[in-house]
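What follows is a single structure, written as structure tokens, with notes after it.
Lettering follows sequence order; numbering is per chain, from 1. Computation of the quantities below employed the complete heavy-atom set of this structure, encompassing side-chain atoms and omitting hydrogens, waters and symmetry-equivalent molecules.
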There are 2 protein chains.
Amino acid sequence: MIGQQMASSLERRSGVSLWRQIADQILHSIAAGDFAENAALPPEVALAERYGVNRHTVRSAIAALVQDGVLRAEQGRGTFVQSRKRLSYPIGARTRFSEGLQGQASERRSVLLESAVEPASRRVAEGLGLAKGSTVIRLETRGEADGQPVSRATGWFDAGRFAGIDAAMAETGSVTASLKRFGIDDYLRQSTVLSARHADAADLADLDLQPGAIVLVTVAVNVTPDGQPIQFAETRFPAERVELKISAL
Amino acid sequence: MIGQQMASSLERRSGVSLWRQIADQILHSIAAGDFAENAALPPEVALAERYGVNRHTVRSAIAALVQDGVLRAEQGRGTFVQSRKRLSYPIGARTRFSEGLQGQASERRSVLLESAVEPASRRVAEGLGLAKGSTVIRLETRGEADGQPVSRATGWFDAGRFAGIDAAMAETGSVTASLKRFGIDDYLRQSTVLSARHADAADLADLDLQPGAIVLVTVAVNVTPDGQPIQFAETRFPAERVELKISAL
DNA sequence: TGGTATTTGTTCGTATGTATC
DNA sequence: GGATACATACGAACAAATACC
């Protein structure tokens with residue numbers, strides 16, 4: 001229930017829109033502990049009646065809270081309070097997927113979704129120190145922790161030097177293990193640039209997110225200990241499930 | 001114009017909502033170079049007519065693109081293509097506001113918005129290594145580059161050790177300079193945790209953002225060279241204007 | 001298995017408020 | 001003050017997904 005007395009006071013033409021006032025009340029209601037995690041909210045029509053507004057107005061409020069990752073709406077089922085515990089993914093000199101989440105999730109794995117051989121874009125060529133248009137291998141992978149998607153990476157490798165890394169990746173499910181087959185026993189994170197945006201349609205599907213979800217985006221170059229670039233990668237992390245902990249580089 | 005022939009083909013009951021199809025077409029249209037940065041889109045009624053849909057449907061499409069930071073709608077003026085060049089803010093062992101943006105903006109400054117003395121929350125106390133409820137000084141600052149807001153920080157200091165740092169900050173406009181007055185000639189970034197979310201109402205106003213904008217959030221602890229915590233800070237960066245470059249720690 | 005009720009998602013129509021030029 | 005354009009709100013209907021019997 002959204003507070004029996006609480007729901008009363010919506011002020012019209014107060015300078016604050018009704019949908020925002022409703023969103024705030026729902027938010028407070030959740031913060032006050034009226035709803036457990038993953039608990040269902042009353043249906044839209046019920047909320048509309050309770051607040052004395054049109055269903056659209058309630059929907060605007062819910063949409064805003066879905067954007068904020070507070071609620072999660074599922075067609076045909078209802079609207080639920082989104083659980084918000086985040087994994088902490090370390091970024092440092094020796095960033096490795098599986099090791100990074102050790103202790104936070106019992107089962108961690110990396111799944112190869114797709115691979116392709118293609119000419120390098122300018123961005124990729126610069127990152128790998130190759131000529132633009134050089135042939136590179138692109139690997140699309142998804143990281144999972146306890147069955148839930150926590151990252152979606154696109155990595156590029158020099159096709160000349162790492163021919164067959166796609167097969168190795170499919171077999172081992174690990175970049176580190178795959179690189180070992182090419183004589184790379186160690187590699188370091190040279191640079192990381194971080195940004196954030198809304199997930200695009202593809203990432204929404206791959207990461208099992210609701211429209212409007214935010215992804216943290218890292219663009220990184222991994223190099224051999226002597227500084228030779230071996231991998232250029234862009235990784236998207238769902239902001240509602242992951243935070244990035246920057247450790248010593 | 002949104003492509004003369006392009007605008008034709010909306011597929012109804014195709015499983016993809018009309019507003020999303022329209023959003024995609026507008027996006028392609030921008031990517032194709034039909035609009036310069038900050039150029040105005042045709043008004044909503046014109047777009048609605050062109051696509052043969054209700055104005056609401058166009059509004060849904062525009063709202064989605066505003067969320068993505070692609071467009072910017074200004075009441076009474078129109079809808080514009082958002083410019084997307086980002087400052088690159090370095091995060092490393094010696095992260096300092098002004099130095100970090102050197103070379104990217106000719107004028108950089110930090111403005112003290114508010115200060116207060118208050119008991120430390122559990123989070124702040126833990127970060128500073130103080131007892132919960134210890135008195136701390138909170139400084140609210142905004143970073144600007146060439147007059148545009150690029151960061152919004154909330155910093156906490158031990159009130160016992162740094163009494164008067166609020167005045168120093170107001171006077172110097174620099175954390176580094178203020179700390180010098182307390183005998184701190186050097187400090188290091190001990191830890192940084194990074195996340196992302198939608199800007200709340202206060203940050204929207206302080207950073208001059210449109211509703212739905214995304215902020216990158218860093219939570220950091222600065223320490224003296226011998227490891228003593230001196231500052232705990234949460235900083236919000238507008239994701240549409242800033243990217244974070246992780247340099248050597 | 002199938003049909004019905006429930007609940008969210010989409011679309012159209014209309015009216016009014018508010019900010020800008 | 002008037003015209004233009006985005007913002008908010010209400011009403012109605014149907015579609016799509018899910019739950020339940």
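Regarding A:L71, its CG atom lies at a distance of 15 Å from the C1' atom of C:dT7, rounded to whole Å. Rounding to whole angstrom units, CZ of residue A:F80 and P of D:dA17 are separated by 16 Å. We find that CG of B:L18 is positioned 17 Å from P of D:dC14, with the value rounded to whole Å. Remark: P of C:dT10 and CZ of B:R20 are 9 Å apart, rounded to the nearest angstrom. Counting to the nearest Å, the P atom of C:dT7 and the CD1 atom of A:I62 are 12 Å from each other. Atom pair A:E49:CD and D:dC10:P shows a separation of 14 Å (rounding to whole Å applied).
The side-chain contact (heavy atoms from CB on, under 4.5 Å) with B:V70 is formed by just one residue from the set B:I62, B:I26, B:L27; it is B:L27. For the side-chain hydrogen bond (donor to acceptor under 3.5 Å, both in side chains) with A:T154, the lone residue among A:E114, A:E140, A:E234 that qualifies is A:E140.
Looking at which nucleotide of DNA chain D each of A:G52 and B:E74 is closest to, the 5′-most match is held by B:E74.
Taking the side chain of B:N54 as heavy atoms from C-beta on, and the options C:dG13, D:dC10, D:dA7, the nearest nucleotide is C:dG13. With distances taken from any side-chain atom of A:W19 to the nucleotides D:dA9, C:dG9, D:dC6, the minimum falls on D:dA9. Here the side chain of A:R12 is nearest to one of D:dA7, D:dC10, C:dT8, namely D:dC10. Nearest to the side-chain atoms of B:T57 among the listed nucleotides C:dT11, D:dC6, D:dA19 stands C:dT11. The side chain of B:A73 approaches D:dC6 more closely than any other nucleotide in the set D:dC6, D:dC10, D:dA15. Of the candidates D:dT8, D:dA12, C:dT8, C:dT8 carries the atom nearest the A:E44 side chain, counting heavy atoms from C-beta on. Of the candidate nucleotides C:dT10, D:dA7, D:dG11, D:dG11 has the atom lying nearest to any side-chain atom of A:H56. Comparing C:dG9, D:dA5, D:dT8 against the side chain of A:S17 picks out D:dT8 as the nearest. When the nucleotides D:dA15, D:dA9, C:dC12 are ranked by their closest atom to the side chain of A:Q75, D:dA15 comes out on top.
Side-chain contact annotation: B:R72 with B:N38, donor-acceptor N/O pair under 3.5 Å present.
For the pair B:R55 and C:dC12, the criterion of a side-chain N or O lying under 4.0 Å from OP1 or OP2 is not met. OP1 or OP2 of C:dG9 lies within a sub-4.0 Å distance of a side-chain N or O belonging to A:R59. At C:dC21, one or more side-chain N or O atoms of B:R77 fall inside 4.0 Å of OP1 or OP2 (strictly under the cut-off).
Comparing the local axis fitted to the first five base pairs of the helix from C:dG2-D:dC21 to C:dC21-D:dG2 with the one fitted to its last five gives a bend of 10°, rounded to 10°.
Atom CG of B:L209 sits about 10.5 Å away from atom CD1 of B:I214, to the nearest 0.5 Å.
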For this session: List the steps and the verdict of side-chain contact (heavy atoms from CB on, under 4.5 Å) for A:V215 and A:R197.
Result: CA-CA 6 Å; A:V215 288; A:R197 60 159 194 256; 4.0 Å; yes

Problem set entry | Test ring-ring contact (aromatic ring centres under 6.0 Å, His included) applied to B:H56 and A:H56, step by step | CA-CA 12 Å; B:H56 281 317; A:H56 282 314; 7.6 Å; no

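A:R142 pairs by the side-chain hydrogen bond (donor to acceptor under 3.5 Å, both in side chains) definition with A:E144, not counting sequence neighbours.
At a threshold of 4.0 angstrom between heavy atoms, the contacts of A:V53 are confined to the sugar-phosphate backbone, with no base atom among them. Residue A:T79 is classed as a sugar-phosphate contact, given heavy-atom separations below 4.0 Å to backbone atoms only.
A 6.0 Å sphere centred on CD of B:E49 holds no more than 12 heavy atoms belonging to other residues, nucleotides or ligands.
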